[in-house]
Each structure stands twice: as structure tokens, then as C-alpha cells.
Amino acid sequence: MKNIWAICKKEIKTYFMSPIAYVIITVFLVLVGFFFYPLIWWFNSQSLQLAKNPYYYQQLNINQMVYSPFFHNMSIILLFMIPLLTMRLFSEEKKRQTDELLFTSPISVNQIIIGKYLASLFVLVVMLLLTGLLSIFTFVFGNPELAPVLNGYLGLFLMGAAFIAIGIFFSSLTENQIVSAILTFGALLLFLILNWTSPSAGGMWKDVLDYLSFFQHFNDLTRGILDTTDLVYYLSFIFLGLFLTHSIIQSRRWR
Amino acid sequence: MIEVEHLTKKYGELVAVKDLSFKVDEGKIWGLLGPNAAGKTTTMRILTGYIPATDGKATVASLDIFEQSNRVKKIIGYLPEVLPLYPEMTVLSFLNFVSEIKQIPSSQKKEAVDKAIGISGLESVRGRLIRNISRGFKQRVGIAQALIHDPQVLIFDEPTQGLDPAQIIETRKLIKSLKGERTILISTHILAEVTQVCDGVVIINEGTLMASGSLEDLTASFKEKEGVAVKLRKEGKEVLSLFGKIPGVARVSLEDDELKIEWAKGKDFRDEITRLIVEKDLGLIEMRPLGIGIEDLYIRIISGDIEQ
């Protein structure tokens, strides 16, 4: 545990002692704010228009009209941000040959991977927590339900955690950070929109493609539904990403 | 302390190290010599646990480097050829990080870091970013990280590469000062470094052992003839023939204003030569034994001219 903490602490310091974390977090927050404003503006205008009609006014739901699309927007922004967050994790070590220090120290490959993974997860949590500032306004001036909002954030966290696991895997494949980021972005995008092709697949393949799609599982969570299938899906992705990273690193050393 | 037995490493079809065996005694500095792509770095990487071997066995302090990898890593300090430094960290934060991954107990961490900084002469740059310090100081940081957990064995891959002459001298001094308590294996291209720093050498070429032993033993065993180089005030053919007449002297030659007098291994004619110089009043300026230099030895071994 101490070894994992040593690696994690060093990675967090690297993120925050260089511009990486600040740039990623700032760009993320600017984009999130940019997408959040029109949603609030649209909800407000709808509220004003329907204020005279009590029936329709009752139908207005800030969770569905603001938060659900807001979470989807954030997931798309994460798709762009996470590859930038993870691209250096192993690529840079390989390129600088600092991996020689890590792998000749009495510390296991798993501990190194988990330490780096937790550091990226920490940055993700900081990013998501800071978006919570936007919700202060909705909770002060509106009355959204807290549980679906928290559920949505849990979904974003799980999706981001899975994104990071995939990013770490691609980072272990190459010493070129740009290649690592592009591969991660491509893979994430593919898994995000996998269900777009499912209607044309039909039969069993439709179910498989739907199940593998990030969005399919994310939709439930943003609607406030907490299903263990979705949790298992994301946790499996995280495990698979980290397991493949371990396999790549070990196989490279044994080659 | 370090024992390598029939070590082989293959990268696909390429054999980087082939059936390599050698031994380094405790408390000695041993040099690993060889041309580029001889397998020096591969051998060092195997010994430090960075990569596994394809075949063979190696032990460090009687611990098997493959079976007891983690225990071996705790007693080895390694300075790779490319310095494993994080330029965005300060010297102090980097050494703190290394002390943690080398599993130094928290209570001893500060003492270990201070000691490594002291030994490596890094006091003046301890708070500076690694990217902003000179190449010489970076090399010292590399040495400090190898020393931080007070290892019994140090493995340095090209420790003076890229340094200026003053820094090379300083680094050699530092390495020599570490001798005694620790067993040190150094790979180098610089032959002068071997004579100045090392007690013995392992010479490899194309992954194969060419020679190994202490410097004295190696040079003695490769010496086919013995002799002296003599510098005299008087020169000329008659002087040459004077020494050539000594019974048992095999060869007398004049090279670079020096007389080289050689005889078969195991004999000694220095008394007779001295007597002759005095009797004939030839004016002795200098007399020194002829020996095979490390450069000579290395070139002849690598070229396959001589085999041990």
C-alpha cells in the first residue's frame, strides 16, 4: 500500500507541478460551463412560457431537462480530456527511460499501475467536484432532486474511471504520447457510440453491441437508475484495462 | 558477491548475451568492458532485475536474481546509462520519491536522503529543479538515487558518459570512495577509467566472455615477453649492440628515443643492464619495466588476437 501511495503521490505532484492538470481542468470547466448555460437558459424560458399553464408547468423537470443532457455533454468532454490526462503515464516513462528506475526498485508492476491509475482518478474527481459549483445555482434557485444528480455524477465517475483504465493501457503500448492519446480517443469514441450500429446488426449482435456501449449504461445512471449491471460493466472495463496494461508491460520486459 | 553462470539473453533471433559467466568478489570494483553492442547494458539490466534472462543463473549476495528478485533489488543500487530522472521534480523531492520506492522506513527517510545528498555533493542544488541543473549534477543525482538505500552492490552503466574532464575526475573519485563497503560493477568504454578505478575486468564482445580477472593477473598472463624501456644520454648502433650481446636478451630495439630490451618470460636481466650502463658510462635518464597496457590488452582480446 505504501508503494502504491508513493507512486500515486508522485504522479499527482507531476500533474499539479506542471501545467497539465491546470490546463485540462480549466478547459474542461470552461466547456462544461459553456454547455450548462444554454440548458439553464432553455429551462428558464420554458418555465416562463408555461408558468401560466399549471398542468404543463408541473411537467417541467429540471433533472430531465437540464441534468440529463448536462451529464451527457460532460461525458463527451471527458472523451476529449481523459486521453490527454493518461497519455503520458507510461509513454513518458518509457521515452525518458525512467521506467528503469521503477522496475529495478523493490515494487511490483501492479503497484506501479495502480498508483498511476489512482493519481489520474484523483484529477478526475477534482474535475467533477469543481463542476458541482454549477449545481449550487440550480439548488439555490430551483428544486432538483438530489439522488438522480448524485447518480449521474456516479455514472460520470465510473465512465471516467473506465476511460482512464483504457488510456493507461494505450499509454503502455507506445512511447509516443500523441499516438497514445489518439488511440485512446479512438477506442473511447468507438465504445461510446457502439450502440449506434446495433439496430442494423440485429439479433444477438444487437444485444452484444448495446451491452458493450458506454452510452447504453450511462443512460440509466443519468436517469437516476442504479443498476448493478451497469456497475459490473464499468468495473469490468476498469479491470480489463489495468489487466491488459500489466500484460503489456510484463510481455515487453520478457521479450 | 556477484556470480553469473551461463547467462544467455535472446531478443528474438538476436543473441545479446551468450553463455556468460563471471564472478565479482565482495568489496571490489569490477569493470565490464566491451565495444558497442557487446551486451554490457543487457547484462546489467538482467542483474538489476529490469529484464529477465533467457537462460542461465545469476546470484547477488547469494540471492538468486530471478527467484528472489525483490530481495535482490533491495540490495542493489543501479545507475542506468540514461539517467532515470524526472526533470520537473526538485533534487530533494526526487530523492524523497526514490527513498519511498526503495522502501526506506519513514523514520529513516530524511537521514538516508541527507546522507545521499552529502556523499554525492548535492547540497548546493537540493532545492533546484532537475531540469535546471548541470549535466555533472544530474549525474550526481543519478548516483545519489543509486546510493540512497545504502546498497551492498552498486551497478553503474557508463557512469562518466557525457561529462567534462573535471566532472569525470570528480565522478571517478566519488566511485573510488564508495569502494570497500560495497561491491561495484561498472561498464565503460574509457579504458583509462578501468586502470584508475577498477580492481578487475570482465571483457565481453558480441555477448560472449573474452577475458575476466584482476588487472594484474590479466596483464601478467598476456605478457609473452618481459623487458625494460631505457632512456640514455648516449645513443647509437654500438649502444644497441652492447645490450644485444648480453646472453639471454631476445631483442633490443630503439623506439621513440627509448631502448626496448626484451627477454623471455620468467627471466630478469635488470642487474646486468644496470651494470653495463654504469661500466660504459651511458648516462641513465630513465629505466622502467615494459608492460602490456590496458589499451593493448583490450584491443588484442577484442580482436581475437589473444584468448584467455
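Proteins come first, then strands; the chains are lettered A, B, ... in the order of their sequence lines, and each starts at number 1.
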Chemist: Shorter than 4.5 Å, heavy atoms on both sides: which option in B:Lys102, B:Lys73, B:Lys74, B:Met89 has the most such pairs with chain A?
Modeler: B:Lys73
Chemist: Does CD belonging to B:Glu170 count more than 12 external heavy atoms closer than 6.0 Å?
Modeler: yes
Chemist: Could you tell me which portion of B:Val72 (side chain, backbone, both or neither) has an atom closer than 4.5 angstrom to a non-hydrogen atom of chain A?
Modeler: neither
Chemist: Sort out for me which of A:Lys2, A:Glu93, A:Gln111 touches chain B most, counting heavy-atom pairs under 4.5 Å.
Modeler: A:Glu93
Chemist: For B:Leu83, is it the side chain, the backbone, both or neither that has a heavy atom under 4.5 Å from a heavy atom of chain A?
Modeler: backbone
Chemist: Between A:Thr98 (side chain only) and B:Leu85 (backbone N and O only), is there a donor and an acceptor less than 3.5 Å apart?
Modeler: no
Chemist: Under a 3.5 Å threshold, yes or no: a donor from one side chain and an acceptor from the other, between A:Tyr117 and A:Glu11?
Modeler: no
Chemist: B:Thr43 and B:Leu20: side-chain contact (heavy atoms from CB on, under 4.5 Å), yes or no, with the steps?
Modeler: CA-CA 9 Å; B:Thr43 307; B:Leu20 183 68; 3.6 Å; yes
Chemist: Report the C-alpha distance between B:Glu26 and B:Arg182 in whole Å, list the side-chain angles of each, state the deciding distance to 0.1 Å, and finish with yes or no for salt bridge (Lys or Arg N to Asp or Glu O under 4.0 Å).
Modeler: CA-CA 7 Å; B:Glu26 196 174 341; B:Arg182 301 172 183 90; over 6 Å; no
Chemist: Residues in side-chain hydrogen bond (donor to acceptor under 3.5 Å, both in side chains) with B:Glu88, at least two apart?
Modeler: A:Arg96
Chemist: For A:Tyr67 and A:Phe70, take the angle between the two ring planes, folded into 0 to 90°, and tell me which bin it lands in: parallel under 30, tilted 30 to 60, perpendicular over 60.
Modeler: perpendicular
Chemist: Among residues 159-185 of chain A, which residues come closer than 4.5 Å to chain B, judged by heavy atom distances?
Modeler: none
Chemist: Name the region of B:Tyr50, side chain, backbone, both or neither, that has any atom closer than 4.5 Å to a heavy atom of chain A.
Modeler: both
Chemist: What part of A:Thr104 is in contact with chain B, defined as an atom under 4.5 angstrom from a non-hydrogen atom: side chain, backbone, both or neither?
Modeler: both
Chemist: Mind checking whether A:Phe191 and A:Phe237 have ring centres under 6.0 Å apart?
Modeler: yes
Chemist: Please determine, by modelled atom types, if A:Tyr211 and A:Thr229 share a side-chain donor-acceptor pair under 3.5 angstrom.
Modeler: no
Chemist: For B:Gln145, is it the side chain, the backbone, both, or neither that has a heavy atom closer than 4.5 Å to a heavy atom of chain A?
Modeler: side chain
Chemist: Under 4.5 Å heavy-atom distance to chain A, tell me which part of B:Tyr86 shows up: side chain, backbone, both or neither.
Modeler: both
Chemist: Indicate whether any N or O donor in one side chain lies under 3.5 Å from an N or O acceptor in the other, for B:Asp157 and B:Ser187.
Modeler: yes
Chemist: Between B:Leu79 and chain A, which part of the residue has a heavy atom less than 4.5 Å away: side chain, backbone, both or neither?
Modeler: neither
Chemist: Go through B:Asp55 and B:Lys18 one step at a time and tell me if the salt bridge (Lys or Arg N to Asp or Glu O under 4.0 Å) criterion holds.
Modeler: CA-CA 9 Å; B:Asp55 202 8; B:Lys18 192 178 170 189; over 6 Å; no
Chemist: Looking at A:Met17, A:Gln97, A:Glu92, which one has more heavy-atom pairs under 4.5 Å with chain B than the rest?
Modeler: A:Gln97
Chemist: So for B:Arg45, is it side chain, backbone, both, or neither that comes closer than 4.5 Å to the heavy atoms of chain A?
Modeler: side chain
Chemist: Do you see a donor-acceptor pair shorter than 3.5 Å between the side chains of B:Thr90 and B:Ser93?
Modeler: yes
Chemist: For A:Ile112, is it the side chain, the backbone, both, or neither that has a heavy atom closer than 4.5 Å to a heavy atom of chain B?
Modeler: neither
Chemist: With a 4.5 angstrom heavy-atom cut-off, could you sort out which part of B:Thr54 is near chain A: side chain, backbone, both or neither?
Modeler: neither
